[in-house]
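What follows is a single structure, written as structure tokens, with notes after it.
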Amino acid sequence: MTTPIKIAQAADYVGHEITLNGWVQKRIDKGKLQFISLRDGSGTMQCVVFKKNLPEEQFEVARHTTLESAVRITGALRAEPRAPGGYELDVAAFEEISRADDPYPLAAKRDGGEHGSDFLLNHRHLWLRDPRQAAILRIRATLENTIRRWLDDHGFVLVDSPIITPAAAEGTSNLFATKYFDEPAYLAQTGQLYSEATIAAFGRVYCFGPTFRAEKSDTRRHAMEFWMVEPEMAFTELDENMEVIEQFVSHCVQTVLRERAAELAVLGRDVSLLETAVAPFPRIHYDDAVKLLQANGYPDFPWGEDFGAPHEDAISAQFGKPVFVHHYPRGVKAFYMQPDPERPDTVLACDLIAPEGYGEIVGGSQRMHDYETLANAIDAHKLPREAYEWYLDLRKYGAQPHSGFGMGLERVVMWICGLSHIREALPWPRLYRRFYP
RNA sequence: UCCUGCGUAGCUCAAUCGGCAGAGCAACCGGCUGUUAACCGGUUGGUUCCUAGUUCGAGUCUAGGCGCAGGAGCCA
């Protein structure tokens with residue numbers, strides 16, 4: 001045995017004897033010849049086991065090894081055009097480190113069809129080994145890294161916001177309740193209000209972490225625990241907010257396209273549908289969005305209502321790239337959004353709707369910065385004033401027009417990967433009535 | 001919470017009018033020195049989601065429950 005290497009480094013070892021540690025992903029038994037596909041996390045290697053090339057008892061172990069057994073294989077590496085990936089290991093020694101029970105629960109495929117989603121989710125701890133799932137999670141990791149790099153490079157400071165919070169931004173019915181010793185507490189559904197405080201220290205900040213919503217939303221677009229990145233910018237109004245959003249989103253998508261082409265190919269994603277996601281994005285006023293809906297299948301859609309999933313799809317279908325809808329009616333948006341002084345029935349808000357029916361991926365707005373306006377809004381929404389004292393306090397000490405937005409990580413992963421359900425966009429999805437394993 | 005559909009082998013699904021419980025895949029045994037959705041032969045594998053009812057007889061029909069899926073609603 002030699003020092004183990006990673007499969008991804010194989011090209012540097014052609015002609016040498018190497019050792020690989022990994023898991024048996026596939027085995028084909030041809031009698032005196034065994035093909036074993038070994039997965040080690042960095043790649044897969046076809047290993048060829050000829051009966052005459054290793055001790056009899058090791059050949060028998062190899063011939064009867066089970067799917068997903070952890071094994072150590074030593075042999076000579078050579079280029080082989082017949083092998084997937086172009087390299088192949090001629091096995092000289094085979095050691096079973098841990099034999100996997102059989103049958104492996106996720107082994108059945110091919111003519112029998114795929115597994116159902118219920119079965120797969122109950123075996124999420126094993127399903128994650130699937131090359132398709134691994135590709136999605138690599139794309140997710142690259143996206144998270146790209147998000148941080150872009151914001152860090154554009155003057156944003158990462159300021160982590162708390163997960164345990166004393167009060168709700170929007171009442172408590174859709175929050176997960178817990179205890180902070182003897183006091184009631186809630187899991188955060190946003191870090192935005194805290195970021196509004198720290199912009200006075202840094203000018204531009206962002207938080208990026210898990211958020212929690214106890215909504216009984218049983219749809220393919222909703223998870224109870226999901227990750228959101230929320231940038232916030234001082235001295236920034238709605239138009240500049242949209243400019244930042246479109247630059248940010250374009251960069252994220254194009255970077256993942258460039259850095260994760262292999263994974264997107266594994267997923268069979270049509271990347272031409274993503275290459276068009278380059279700034280600027282079209283912007284339509286809510287008034288015009290309503291007219292657009294009325295002319296495209298929803299003649300009775302009334303001004304003043306929020307869009308449901310079918311309406312978002314109808315709007316995005318008119319554009320080949322993400323589209324902004326801005327100036328929503330005041331009644332459908334959050335209490336802290338700044339009304340448009342020229343159209344007080346609307347707020348300075350913008351949603352970014354992804355193409356292909358992936359729905360809202362970004363929600364942003366300019367925030368109220370006037371003390372009286374905000375205090376009245378809190379009262380009008382019947383929110384407990386005492387819970388927002390610190391938030392109102394910000395309007396006493398150097399208030400200024402400021403804006404920010406939140407981007408749902410999983411929605412973007414779904415869009416980039418072309419997923420039909422959010423359950424594949426998280427490693428451990430927490431869905432309505434499902435949080436195992 | 002509502003609407004629709006589904007629940008049969010480890011997995012994906014069949015089972016005609018209410019009449020012997022089936023297939024493919026997986027697993028196991030055997031064969032094969034170029035497979036990569038291998039192939040060929042054989043074997044194993046069942047609380048038909050649960051409870052009650054109708055019937056000579058229920059996977060199939062009825063009622064209730066449980067679970068899952070898709071859609072809607074909810075949703076910064």
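Residue numbering restarts at 1 for every chain, and letters A, B, ... go by the order of the sequence lines.
- For the pair A/Thr165 (side chain) and A/Tyr186 (backbone), a donor-acceptor distance under 3.5 Å is present.
- Across B/A76, B/A27, B/A69, the shortest atom-to-atom separation from the side chain of A/Leu121 is found for B/A69.
- Side chains of A/Glu243 and A/Gln247: a donor-acceptor N/O pair is absent below 3.5 angstrom, by distance only.
- Residues A/Tyr388 and A/Phe335 place their aromatic rings such that the two centres sit under 6.0 Å apart.
- Within 6.0 Å of atom CD in A/Glu342, 12 or fewer heavy atoms from other residues, nucleotides or ligands are found, so the atom counts as exposed in its surroundings.
- Look at B/C6: its Watson-Crick or wobble partner, with both distances under 3.5 angstrom, is B/G67.
- No engagement by A/Arg221 is indicated, since no non-hydrogen atom pair under 4.0 Å with the nucleic acid exists.
- With a cut-off of 3.5 Å on both pairing distances, the Watson-Crick or G-U wobble partner of B/U62 is B/A52.
- No contact: A/Arg27 has no heavy atom under 4.0 Å from any strand.
- For A/Arg434, the side-chain atoms get nearest to B/A69 when compared with the rest of B/A76, B/U12, B/A69.
- Contact of A/Ser117 with B/A69 (side chain to base): no donor-acceptor pair of N or O atoms is detected under 3.5 Å.
- Of the nucleotides present, none pairs with B/A26 by Watson-Crick or G-U wobble criteria with both distances under 3.5 Å.
- Nearest-nucleotide positions on RNA chain B for A/Arg220 and A/Met337 put A/Arg220 closer to the 5' end.
- Between A/Arg423 and B/C68 there is no side-chain N or O to OP1 or OP2 distance below 4.0 Å.
- Within 6.0 Å of NE2 in A/His16 there are 12 or fewer heavy atoms belonging to other residues, nucleotides or ligands.
- Not counting sequence neighbours, A/Ser217 has no partner by the side-chain hydrogen bond (donor to acceptor under 3.5 Å, both in side chains) test.
- Taking atom P on both nucleotides, B/U36 is separated from B/A26 by 13 Å, rounded to a whole Å.
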Find every protein N or O atom lying less than 3.5 Å from an N or O atom of nucleotides 33-35 of chain B, and list the pairs.
from  : atom 1 : to      : atom 2 : distance (Å)
B/G34 : N1     : A/Glu88 : OE1    : 3.0
B/G34 : N1     : A/Glu88 : OE2    : 3.3
B/G34 : N2     : A/Gln46 : NE2    : 3.3
B/G34 : N2     : A/Glu88 : OE2    : 2.3
B/U35 : N3     : A/Gln46 : OE1    : 2.9
B/U35 : N3     : A/Gln46 : NE2    : 3.2
B/U35 : O4     : A/Gln46 : NE2    : 2.8
B/U35 : O4     : A/Arg82 : O      : 3.0

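- For the side chain to side chain donor-acceptor pair (under 3.5 Å) condition, the pairs that include at least one residue of residues 344-356 of chain A, sequence neighbours left out, are A/Arg269-A/Glu356, A/Tyr328-A/Asp351, A/Lys333-A/Asp351, A/Arg343-A/Asp345.
- Remark: B/U33 base-pairs with no nucleotide; criterion is Watson-Crick or G-U wobble with both hydrogen-bond distances under 3.5 Å.
- Base pairing of B/U1 is made with B/A72, judged by Watson-Crick or G-U wobble geometry with both donor-acceptor distances under 3.5 Å.
- Taking 4.0 angstrom as the limit, A/His115 places none of its side-chain polar atoms (N or O) nearer than this to OP1 or OP2 of B/G10.
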